[in-house]
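Letters go in sequence order (proteins before strands), and every chain restarts at 1.
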Number of protein chains: 2
Amino acid sequence: MDPPTSAAHHSPDDEAAAFFRAAPPLRDRDAVAASLAAFVARHRARAGAGGGGGPPAVAGVVCVTSGGTTVPLEQRCVRYIDNFSSGQRGAASTEYFLKAGYAVIFVHRRGSKQPYCRFLPEDSFLDLFELGEGSEIQVPESHTTVVKTAISSYRKAIDEGLLLKLPFTTIFEYLQLLQLVSTAMNCLERHGMFYCAAAVSDFYVPWESMAKHKIQSAGGPLNMQLSQVPKMLFILRNHWAPSAFCVSFKLETDPDILIQKAEAALRKYGMNVVVANELANYKDVVVMVTSSGKTTVSRRSKEDDLEEQLIGLLVKMHSDHTKQSNPDQEK
Amino acid sequence: MDPPTSAAHHSPDDEAAAFFRAAPPLRDRDAVAASLAAFVARHRARAGAGGGGGPPAVAGVVCVTSGGTTVPLEQRCVRYIDNFSSGQRGAASTEYFLKAGYAVIFVHRRGSKQPYCRFLPEDSFLDLFELGEGSEIQVPESHTTVVKTAISSYRKAIDEGLLLKLPFTTIFEYLQLLQLVSTAMNCLERHGMFYCAAAVSDFYVPWESMAKHKIQSAGGPLNMQLSQVPKMLFILRNHWAPSAFCVSFKLETDPDILIQKAEAALRKYGMNVVVANELANYKDVVVMVTSSGKTTVSRRSKEDDLEEQLIGLLVKMHSDHTKQSNPDQEK
C-alpha cells in the first residue's frame, strides 16, 4: 500500500474537499437527494419554518445518525476497519423523537438496530414466532404486546411519512450522506436538528492509495498507515446547516479524558450539546455538555431507556433554540 | 502500540499454542463445551459412529462456520478490523445440510444471516408484518408461504435437536470455538464433517501488544503492524479431528490467483475439498478443488441456491468418505 498523503497542514475546508474529491461516488445519489428534498419540503411548513402560518404539525425535523462506519482496506472490499456500535442508541432515540412529534431522517449503518425492533432476539427473529393449529402466525403470549405495539408504531411512522431511512456502510457513504442531508435540511433553519450518534471512524485509507485486490497474507506481517478523517461536524456547523441545533456524541473507554474531550469538541465544532459516554456504562449514564454547564442523565431502572430522558431534555433545548430571534448560529 | 512479536519462524503447533495462550478466554466456555458434548453424544450413535447397530438416523454431523471474524485493535474494543461476509453461504448451506439429514453445529458471527431467515428485508423485519382488523399479526400474501415455511422448518430443526447455534465475534472467540467443536466432534471419526465457510482474518493484533484504551486521533496518522493468524485448519486436520471430512473455502478478488491458491490450501492443510470463489460472483459460481480434480458448480437460475447443488455433491463425497475402511486421514 502506498503511504497516504498527509493532510494535516490544510484547513478543515480543504481537507473535506479533498476527501470528497477522492471518495468513490455514492450509489443512487440522485434518488437519495430527491427523496430527501421531498421529505424536507413536506415537513418544512409543518415544522413552522419558512414563515408558514398556523401551529406547527411537527415539532421539527431531526437527522439521527446511527451505527458505526467502516473503512475499507481494499478497493474490492474484503477487509475493513469497523467501529463498535450496535445502533441501539440511535434506534431508541428515533422512537422517542417520533413520539415527541418529530419527523426523523434515520441515517443508519446497514444491519444495525432499527427503531421498534430493539426487543428482537439477537440472532433469529424466527425464535419469536410459531405456527398455530390453523397454521396462522403466532407470537408467544409473553411477547404479544411488544410485537404488536412495534408493528403498529412502525407502520404509523412509515404511513404518515414521518420516517425516512437512509443506509450506509463505509465512511465514504456516511459522509456523503451527511452532506446531502444537511444541505437539504438547511432550509429548515433553527427547526432542523442533528443528533449524530453514529460511531464515525477517525482514521481511513484514502481511496486512491488503497490496495486494489485482497491483501495477501503470504507476505508476512501487514503494515498499514491510516490518515485522519476530516472533522466534518465543523463543516456541517459552518457551511452545510449553520442554524441547526447540533448534538454530537463522544465515546471513550478511559473516563479520565472523557469530559475534557467532550468540552473540546463542543468548542472546536461549535456543537450545541456534546453527549459524553463511556463504553463501560453507556446504556446507564451520559453527561450532556453544553456551553452553560454539564447535566448528568442516568437511567431510572433496567426497564427504562436512558434515551427517553435524554430526548426529552434535548427537545426542550431545541424548542428554546427555535425561539431565538437571531438567525445566526450560536456557539 | 508495541510492535507484535513475529512468529514466522515457529512451527504451526507452536504458533497455535502461542495464540491460544495469549487470547482472552472464551466467555461461557464450560457451558458451550457441555452443550457440544451433549449434542455430539446424542447424534454419535444415530450417525452410525462408534459401532452402534441399525441404520443411521442422521446422515452425519457437520460443523458449518459462517460470517466474518473481527480483529480488535483495542482491548476495550471500539475499533476492529472485519472481514466482509454476510453469512449468506453458511446460512443457506445449513438449511441444505439439515434437509439432507445432517445434524448441524452452526458456528456463526453474531448478527450474520441465519438459516431460514435469508428472505428477510435487509434492515427491518417489521416491513414484513402488519396488523389485521382484529389486530392479529399478518404477512402480506406475497410472502405468506415463505414466512410460514421458514417458521415451520426452523421450529422442526430446533425441536428435533438437529441444530446447535454457537455465536462468535472476534478471531479469538472463533478459533477457541473451532477447537472446542472439533475436539468434541473427533469421536464421530469419519462421520464428522467441517464446512468452514467463515471469513477468517489472516492478520491480527496479539492481545498483549494491543492498546488498552481507544486509540486517540489527535496523534496524527495511525501506524499499525499486524501479525499473521496461525493456520488452524492445519491443526484441525492433524490434531483436533484427523478423520473428519474437511471442506474449506478460498475467497479472492483476483481470479488469476484463485485456483492456484485453492490448490495450495488443499495440499498445505490436507483438506478434502477447497471451494474456490471470487468476490465478484460468489453467489453464481464456485469451483470445487479436490486431489482428483476440479468441478465447477454454477447456479441454475436466479431462483435457485448454488448451495443446493454444492451441498448435494459434498454429501455424496462425505458418504464415500465414511465408507473407506482406512481410519487414517486421506489427503
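Of the listed residues B:Ile158, B:Ile151, B:Val147, the one with more heavy-atom pairs under 4.5 angstrom with chain A than any other is B:Ile151. Annotation: maximal heavy-atom pairing with chain B below 4.5 Å, among A:Leu251, A:Asp82, A:Asp202, occurs at A:Asp82.
Atoms OG1 and CG, from B:Thr149 and A:Leu131 in turn, are 9.0 Å apart once rounded to the nearest 0.5 Å. Taking OG of B:Ser201 as the start and CZ of A:Arg79 as the end, the distance is 8.0 Å to the nearest 0.5 Å. Between the OG1 atom of B:Thr169 and the CZ atom of A:Phe84 there is a distance of 9.5 Å, given to the nearest 0.5 Å.
Contacts of B:Arg155 with chain A are made by side-chain atoms alone, with heavy-atom separations under 4.5 Å and no backbone atom involved. Only the side chain of A:Leu279 comes within less than 4.5 Å of a heavy atom in chain B; its backbone stays farther off.
Separation of the A:Tyr80 and B:Tyr80 ring centroids does not fall under the 6.0 Å cut-off.
Under a 3.5 Å cut-off, the side chain of B:Lys148 and the backbone N or O of A:Ser135 do form a donor-acceptor pair.
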